[in-house]
Amino acid sequence: MRPAVRAPRLGCIADDFTGATDLANNLVRQGMVTVQTIGVPASDERLDADAIVVALKSRTIPAADAVQQSLQALRWLQAQGVEQVYFKYCSTFDSTPAGNIGPVTDALLDALHGPDQGFTIACPAFPENARTVFKGHLFVGDQLLSDSGMRQHPLTPMTDANLVRVMQAQTRRRVGLVARDTVARGADAVRGAFATLQQQGVGVAIVDAVDNADLHAIGAALKGLPLVTAGSGIAIGLPANWGLQARTTTSALPPAGGRCAVVSGSCSAATQAQVAHFRQLGLPSFQLDALALAAGSDLVADALAWARTQCGAGPFLVYATAEPQAVRAVQQRLGVAAAGELVEQALARIAVGLVEGGVRQLIVAGGETSGAVVQALGVDRMRIGPQIAPGVPWTAVESNLCPGEPLHLALKSGNFGGTDFMSQAFVMTQAFGVLETAP
Ligand code: ADP
């Protein structure tokens with residue numbers, strides 16, 4: 001028999017909202033009952049979960065703010081009694097030389113071990129999603145990170161695939177590498193490499209991983225380490241450290257109803273292909289012209305007026321998603337941060353209007369965009385349901401905009417999901433409420 005309230009073992013701090021659901025999804029699939037909170041909860045009430053994921057929106061804010069928010073999350077998780085802390089960032093290591101991965105890692109290590117003390121890993125690998133690390137270099141599919149679409153990212157362009165170099169530019173601690181040949185020899189070899197690196201004064205080890213066996217070996221080696229920093233992939237090897245196992249059943253969600261919509265603010269290559277595919281299927285779409293928005297047009301009202309005319313049963317799409325050239329034109333006019341914020345806030349207001357208008361199944365594409373939407377919807381906790389695509393689960397949330405009715409949300413990080421993601425995701429929701437409940 002389980003105690004009435006589980007003791008949380010793993011406390012996670014995610015630097016964006018889609019990343020948080022991606023991590024929660026992996027933990028649920030490996031048998032950890034997981035609650036995701038939006039921001040740091042105001043109350044210290046003990047949550048009934050094996051793992052808690054605190055979703056921040058700290059990826060692209062000034063480093064000092066990201067540090068302060070992450071430390072606040074750490075203190076809240078410590079009050080929950082967690083045994084291990086997991087700082088989760090993007091599987092494409094989205095960051096700039098100013099941060100925020102390095103400064104947050106430093107601050108968490110300082111808080112847990114004392115100034116410039118302690119040791120942790122950094123590993124964005126998620127092989128199931130084609131993110132692998134070899135000889136310290138991050139690959140997206142068959143391409144180096146620096147050759148992938150990430151070199152064009154509006155907020156965090158990644159032009160160097162060498163993670164030792166990228167991380168060393170952001171952290172005060174010395175950065176080292178645990179290479180694949182060591183990882184392939186298993187958990188003991190990885191533990192031995194950690195000890196050797198620490199003797200050499202290394203505080204952060206980039207760890208190679210090219211498949212799930214690597215993730216399980218690394219996971220076992222991380223047992224008892226106070227801080228882990230990683231993408232969501234490393235999570236699959238951790239639940240076993242507490243004797244928890246993968247489940248065959250997925251957590252059930254309440255039945256889904258209402259209208260279906262997609263709001264997309266991601267300009268990543270995968271999202272561009274998904275938007276193009278959605279339109280090719282002849283499904284209704286409304287393009288939010290960011291330049292017109294910047295010039296002061298009330299496109300939020302226009303988009304919502306258009307949405308009201310969509311009476312079909314199928315999903316419809318509102319998107320700001322654009323080619324890099326078009327994004328640059330807006331950024332040159334407003335500045336990078338202001339352009340991002342303008343589009344995010346417009347899409348968030350549109351999402352609110354859509355829910356007010358009866359949408360109850362909503363996909364949001366884009367990490368930053370999802371953060372803005374979830375905040376605008378007033379969501380503070382998410383129940384994690386079945387996986388749509390690697391890294392993207394359906395979730396059920398409560399919102400004051402539709403009291404007493406479940407709102408189903410899927411938050412899709414830019415590069416996740418197959419080409420037909422935006423239409424196929426809604427086929428799945430028809431089975432909600434009739435799925436077996438996980439034991
Ligand atoms: P991803 O998960 O693909 O990185 P994000 O939502 O995190 O997506 O980031 C995309 C950023 O680009 C957001 O800040 C969004 O507001 C901005 N953006 C989206 N469309 C445009 C556009 N047409 N012009 C300028 N910026 C845009």
Side-chain angles (χ1 to χ4, degrees), residues 14-23 55-61 88-96 100 124 126 129 131 140 145 148-158 231-232 262-276 285-295 297 299-300 303 317-351 362-376 389 391-392 409-417 421-422:
D15 73 349
D16 88 338
F17 291 21
T18 48
T21 39
D22 170 14
L23 173 61
L56 300 179
K57 192 173 183 300
S58 57
R59 182 170 296 168
T60 56
I61 63 177
K88 153 74 175 74
Y89 37 74
C90 190
S91 66
T92 40
F93 215 71
D94 300 19
S95 53
T96 67
N100 290 338
F126 189 6
N129 236 344
R131 312 295 194 262
V140 177
L145 173 70
S148 76
M150 279 305 296
R151 71 183 184 281
Q152 309 270 26
H153 191 277
L155 306 174
T156 48
M158 299 301 291
S232 66
V262 184
V263 169
S264 178
S266 157
C267 299
S268 301
T271 309
Q272 292 199 41
Q274 289 157 358
V275 167
S285 61
F286 180 98
Q287 181 177 19
L288 197 82
D289 178 344
L291 267 181
L293 193 68
S297 297
L299 295 185
V300 173
L317 163 70
V318 178
Y319 67 101
T321 305
E323 305 271 336
Q325 212 180 340
V327 173
R328 268 195 299 275
V330 186
Q331 290 179 335
Q332 271 160 12
R333 183 164 176 160
L334 297 180
V336 174
E341 178 76 8
L342 179 78
V343 176
E344 284 166 35
Q345 289 310 318
L347 291 174
R349 282 163 54 213
I350 289 168
L362 180 66
I363 293 175
V364 186
E368 296 294 324
T369 308
S370 291
V373 167
V374 161
Q375 277 172 345
V392 198
L409 278 185
L411 309 180
K412 188 197 84 77
S413 173
N415 276 314
F416 284 7
F421 179 93
M422 290 181 178

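We count ligands from 1, going down the list as the structure has it; atoms in each ligand are counted the same way. Only heavy atoms go into these numbers, but all of them, side chains included; no hydrogens, no water, no symmetry mates.
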Quick check on contacts: which atoms of ligand 1 are under 4.0 angstrom from a heavy atom of [X]?
X	result
E368	5 (P), 6 (O), 7 (O)
G414	1 (P), 2 (O), 3 (O)
G340	14 (O), 16 (O)
T369	6 (O)
A290	22 (C), 23 (N), 24 (N)
A322	23 (N)

At under 4.0 Å between heavy atoms, is it the side chain or the backbone of [X] that contacts ligand 1, or both, or neither?
X	value
S266	both
A320	both
V330	side chain

Kindly give the heavy-atom pair with the smallest separation between [X] and [Y], and that separation in Å.
X	Y	value
V318	A303	CG1-CB, 4.3 Å
F17	G371	CD2-CA, 3.4 Å
A322	A326	CB-CB, 3.9 Å
A365	M422	CB-CE, 4.1 Å
Q272	P324	NE2-CD, 3.9 Å
D16	G367	OD2-CA, 3.2 Å

Considering only protein heavy atoms, which is closest to [atom], and at what distance to one decimal place?
atom	answer
atom 10 (C) of ligand 1	G265 O, 3.3 Å
atom 4 (O) of ligand 1	H153 NE2, 2.6 Å
atom 14 (O) of ligand 1	E344 OE2, 2.6 Å
atom 3 (O) of ligand 1	S268 OG, 2.5 Å
atom 12 (O) of ligand 1	P154 CG, 3.7 Å
atom 8 (O) of ligand 1	G366 CA, 3.4 Å
atom 27 (C) of ligand 1	V343 CG2, 3.9 Å

Problem set entry | Identified side-chain contact (heavy atoms from CB on, under 4.5 Å) partner of M158 from the options L145, V140, T96 |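 That would be L145; it is the only one of L145, V140, T96 passing the side-chain contact (heavy atoms from CB on, under 4.5 Å) with M158.
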
For this session: Decide whether S264 and T321 meet the rule of one side-chain donor and one side-chain acceptor closer than 3.5 Å.
Result: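 Result is yes, a qualifying pair exists.
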
Exercise. With no hydrogens and no angle check, do the side chains of T271 and K412 hold a donor and an acceptor under 3.5 Å apart?
Worked result: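 Distance-only check passes for T271 and K412.
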
Problem set entry | Best match, A337, G367, A348, G19: closest heavy atom to atom 2 (O) of ligand 1 |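 Result: the heavy atom closest to atom 2 (O) of ligand 1 is in G367.
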
Exercise. Under a heavy-atom criterion of less than 4.0 Å, does V327 contact ligand 1?
Worked result: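 The answer is yes, since V327 has a heavy atom less than 4.0 Å from ligand 1.
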
Exercise. Is there a heavy atom of A326 sitting under 4.0 angstrom from any atom of ligand 1?
Worked result: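 Not so, A326 does not reach ligand 1.
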
Problem set entry | Any donor-acceptor pair under 3.5 Å from N100 side chain to S58 backbone |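 It does hold such a pair.
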
Exercise. Would you call E323 and R328 a salt bridge, using N to O less than 4.0 angstrom?
Worked result: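 No, E323 and R328 are not salt-bridged.
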
Exercise. Is R59 paired with E368 through a side-chain N to carboxylate O contact shorter than 4.0 Å?
Worked result: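 Judged by the 4.0 Å cut-off on N to carboxylate O distance, E368 and R59 do not form a salt bridge.
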
